[in-house]
Amino acid sequence: MRINPVLKKELTVRTRSWKMPITISLYLFFLCAFLGLVASQMIFGYRYYRGIRIEELKTLYAVITIFQLILIAFIIPATTSSGICGEKERRTFDLLLCTRLSSFSIVSGKLLSSLSLMILLLVVSVPIFSIFFLFGVITPSNIMLLFGYYLVTALLFGSIGIFSSAFFRRTTSSTVFTYFLVLLLMFGTGFCLIIARSFIDRLDIKNISDTVKWIYNSIVYMNPMVGIGAILEKQFGEGPIREILIGRNANPKILEPLYYNMSFSFLISCILLLVTSIKINPMKKFGNKREDKLSRKRRKKRDEKINVG
């Protein structure tokens, strides 16, 4: 089976580098440390009770799943925001374009290398989640659904990073812009929902137009935290997701926000990858508009120097 050459090269470099074991170790350290901190508060937080309270394990599981999503939001942009601009800084991007690879193969190879790291991190975190199997809190199907959502969300974050790396010349600018978009998507939309819901609660929902309801629900579906909330509500049978949506029926499908969020993530990822592949394609005018403008200015300055001489 043929493998993407860019993906093969990135995997070879990363697996032979010291950054891979350091990343895995730090990931497991923060995950275990956070789990131990929350568990210790639950076990020793009661004066007259010592031990594991089964009813508190659901809360512990919910907290650790949200914390893992936050770790993904910080790891994936860091690994993808330097995919294209890093090649430009090392002056190897032109050599990459001279190969027989298409622009989409280059972009997809860079993205899949980051997703492979994410898959590895999810695999090494399975023993931590297996603790909850001992108490019957979750089932293997719950873990598969949760990890599938993690991969789709990581695909969105990685596509944002690849998109930023193609439109910025410096890795620092690309990283800052990527984190800005990711944090805006995760926490910015949540802040907007809080403000919007505070105004909606003061008004009668029946007096709100359908357009406002559609915009509000669309922002709800965009937030990755809502997808995690829908999964947890499906697993435990309770949660705030039913109360967040407005203008819906009295008993909406619990996983409806999850399906909409995954569809939104996949669609935006495809659009960003397509735009990025067009941007780095040297045969497209869209990808070289800025370069052509700079080259025209340089030729004009050179001609002026020749005429003066």
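Note that these values count all heavy atoms, side chains included, but never hydrogens, waters or copies made by symmetry. We're numbering straight along the sequence, starting at 1.
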How about [X] and [Y]: do any of their side-chain heavy atoms sit closer than 4.5 Å?
X	Y	result
L273	L111	yes
C85	F168	no
V63	F34	yes
I70	M225	yes
I162	L272	no
L35	L31	no
Y150	I228	yes
L69	T153	yes

| message | Run the side chain to side chain contact (heavy atoms under 4.5 Å, CB included) test on L155 and S159 for me, step by step, so that the C-alpha distance in whole Å, both residues' side-chain angles and the decisive distance to 0.1 Å come before the verdict. | response | CA-CA 6 Å; L155 175 65; S159 301; 4.1 Å; yes
What's the shortest heavy-atom distance between [X] and [Y], and which atoms?
X	Y	answer
G227	Y149	CA-OH, 3.5 Å
I280	A166	CG2-CB, 4.0 Å
L112	L7	C-CD1, 3.7 Å
A154	I76	O-CG2, 3.7 Å
S103	S277	OG-O, 3.0 Å
A78	S81	O-OG, 3.9 Å

To the nearest 0.5 angstrom, please state how far the [atom1] atom of [X] sits from the [atom2] atom of [Y].
X	Y	atom1	atom2	value
T178	F163	OG1	CZ	9.5 Å
S165	I160	OG	CD1	12.0 Å
N223	M186	CG	CE	7.5 Å
F104	I278	CZ	CD1	11.0 Å
F266	S269	CZ	OG	8.0 Å
I75	T23	CD1	OG1	7.5 Å

| message | For K9, I'd like to know if atom NZ has over 12 heavy atoms of other residues, nucleotides or ligands within 6.0 Å. | response | yes
| message | So, using salt bridge (charged side-chain N to carboxylate O under 4.0 Å, His left out) as the criterion, who are the partners of R16 when residues are at least two apart? | response | none
| Which residues pass the salt bridge (charged side-chain N to carboxylate O under 4.0 Å, His left out) test with E10, sequence neighbours left out? | K110
Report all side-chain donor-acceptor pairs from residues 117-129 shorter than 3.5 Å, counting only partners two or more places apart or in another chain.
from: S125; atom 1: OG; to: Q68; atom 2: NE2; distance (Å): 3.1
from: S125; atom 1: OG; to: L121; atom 2: O; distance (Å): 3.4
from: S125; atom 1: OG; to: L122; atom 2: O; distance (Å): 2.7

| Heavy-atom donor-acceptor pair, S174 side chain to T171 backbone, under 3.5 Å | no
| query | Is there a donor-acceptor contact under 3.5 Å from the side chain of Y61 to the main chain of L232? | reply | no
Indicate if [X] and [Y] have the same hydrophobic cluster label, given that clusters are the connected sets of ILVMFWY residues with side-chain heavy-atom separations under 4.5 angstrom.
X	Y	value
V13	I24	no
V176	V182	no
F29	I22	yes

| said: Would you say the ring centers of F264 and Y221 fall short of 6.0 Å from each other? | reply: no
| task | Start with the C-alpha gap between L185 and L156, add the side-chain angles, then the distance that decides, and say whether side chain to side chain contact (heavy atoms under 4.5 Å, CB included) holds. | result | CA-CA 10 Å; L185 190 63; L156 175 62; 3.4 Å; yes
